[in-house]
Protein chains: 2
Amino acid sequence: MTQSTEDLLELDQQVCFALAVASRNVIALYRPILEPLGLTHPQYLVMLALWGKAPLRFGEVAELLRLDPATLSPLVKRLEQSGLIERHPVEGDERTFELVPTESGRALREQALGVPPAVIEQLGMPIDRLVALRDELTAVIDATDPVK
Amino acid sequence: MTQSTEDLLELDQQVCFALAVASRNVIALYRPILEPLGLTHPQYLVMLALWGKAPLRFGEVAELLRLDPATLSPLVKRLEQSGLIERHPVEGDERTFELVPTESGRALREQALGVPPAVIEQLGMPIDRLVALRDELTAVIDATDPVK
DNA sequence: ACATATTCGTTTGTGCACAAACAAGATAGG
DNA sequence: CCTATCTTGTTTGTGCACAAACGAATATGT
């Protein structure tokens, strides 16, 4: 099946625009659900990482979440200020530090358990659609990841 | 095939995170390509809209690109300041205005023709993958679009 | 040991996303 | 009319994304 150059250009526009809109829309879906927890979506991702495994170094969190250190730095500061995490020195390297949830940070996990089901319900998409989407997104990320 | 609740929750995380990362990565792909044109990606989308059909009212552009007026307002101001577009009054409604590319805005279109092929090439993904992705993204947008 | 280079996080500046409050023009009801 | 309501874009404030410059600590090479 032959495909004209115009088709490709058109498709390209649609894919990139659709990607941006879908991303914003889904994050907007999280917003009212995360609001009672006092978290933004990026902050929620950091807490998820630390609930899964702590301590993590600053740089490890940045790499896991594909966040620029310049973005993560003030974000961490806000989570500290909210009393959800704290930083501890790393033995033998004064440049970096480890992050761990505080007591109230760990307590917040209980509330956070309700987040994913709420999002899934709001999305209302069949599971196979989500699986297909994840696979395509993974391909895009592999094709574009600046990390190698 | 049975699917546990944990799987669903896990999948949710993966989809939303992958969506955010893929969106940022693809926009980052555009960045060096758009840089010679002096455009950011959202600005490029506005120019695309106006190259396709002008004049367009402020509100029409906002709706087309799914941009909040509060986001579009300063963005338009920057495009005016770059001399790429200008606003014209609308007969019979003093609240709004129309946007049209200036002469140099129209001239920029020639350079912009090279953008999509460059992006496609950098992406290096087979077309059927892109088609599948677009279809899945469309489903997500339909499921989440706040505009009904 | 010491100079050089690299790693690591922070700071500053610009632009985008979004909520909330706002202001001015248009519309509808009485 | 003329007042209340709705539309439309702007402004302000917060947070995120990213580039560039920076400073401090560590690693490397000789």
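Quick caveat, the model's predicted, so the values are computed rather than measured. Below, chains carry the letters A, B, ... as their sequence lines are ordered, and counting in each starts from 1.
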Base, sugar-phosphate or nothing for [X]? Non-hydrogen atoms, less than 4.0 Å.
X: A:Leu72; value: nothing
X: A:Ile27; value: nothing
X: A:Pro42; value: sugar-phosphate
X: B:Thr71; value: base

With the side chain of [X] defined as its heavy atoms from C-beta on, choose the nearest nucleotide among [options].
X: A:Phe97; options: D:dA17, C:dG9, C:dC18; answer: C:dG9
X: B:Thr40; options: C:dT10, D:dT10, C:dG15; answer: C:dG15
X: B:Asp68; options: D:dG9, D:dA25, C:dC18; answer: C:dC18
X: B:Arg31; options: D:dT10, C:dA17, D:dC18; answer: D:dC18
X: B:Glu94; options: C:dA19, C:dT11, C:dG25; answer: C:dG25
X: B:Arg87; options: C:dC18, C:dT10, D:dT10; answer: D:dT10

- Message: Please confirm whether the shortest side-chain N or O distance from A:Lys77 to OP1 or OP2 of D:dT14 is below 4.0 Å.
- Response: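 A:Lys77 to D:dT14 OP1/OP2: no side-chain N or O under 4.0 Å.
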- Please state whether the phosphate of C:dC8, meaning OP1 or OP2, lies under 4.0 angstrom from any side-chain nitrogen or oxygen of A:Thr96. no
- Would you mind telling me which residue lines up with the more 5' stretch of DNA chain C, A:Gly59 or A:Ala28, judged by nearest nucleotide? A:Gly59
- Task: For A:Gln43 and for A:Asp93, locate the closest nucleotide of DNA chain D by heavy-atom distance; then report the residue assigned to the nucleotide nearer the 5' terminus.
- Result: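 Per heavy-atom nearest nucleotide, the more 5' residue is A:Gln43.
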- Task: Evaluate the side-chain proximity of B:Leu50 to B:Ile85: yes if any heavy-atom separation is below 4.5 Å, no if none is.
- Result: yes
- Task: Please examine the side chains of B:Leu72 and B:Val46, heavy atoms only from C-beta on, and report whether any two atoms are closer than 4.5 Å.
- Result: yes
Interatomic distance where [atom1] belongs to [X] and [atom2] belongs to [N] [whole Å]:
X: A:Gln81; N: D:dT14; atom1: CD; atom2: C1'; result: 13 Å
X: A:Glu35; N: C:dC18; atom1: CD; atom2: C1'; result: 14 Å
X: A:Leu75; N: C:dT11; atom1: CG; atom2: P; result: 14 Å
X: B:Phe58; N: D:dT8; atom1: CZ; atom2: P; result: 12 Å
X: B:Glu80; N: D:dG9; atom1: CD; atom2: P; result: 13 Å

- Message: Hydrogens and angles aside, do A:Gln122 and A:Tyr30 bring a side-chain donor and acceptor to less than 3.5 Å of each other?
- Response: no
- Message: Between B:Lys77 and B:Glu80, does any side-chain N to carboxylate O distance fall below 4.0 Å?
- Response: no
- Under 4.0 Å between a Lys/Arg side-chain N and an Asp/Glu carboxylate O for A:Glu136 and B:Arg129?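 So A:Glu136 pairs with B:Arg129 through a salt bridge.
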- Message: Taking donor-acceptor contacts at under 3.5 Å, does the side chain of B:Arg95 reach the base of D:dT7?
- Response: yes
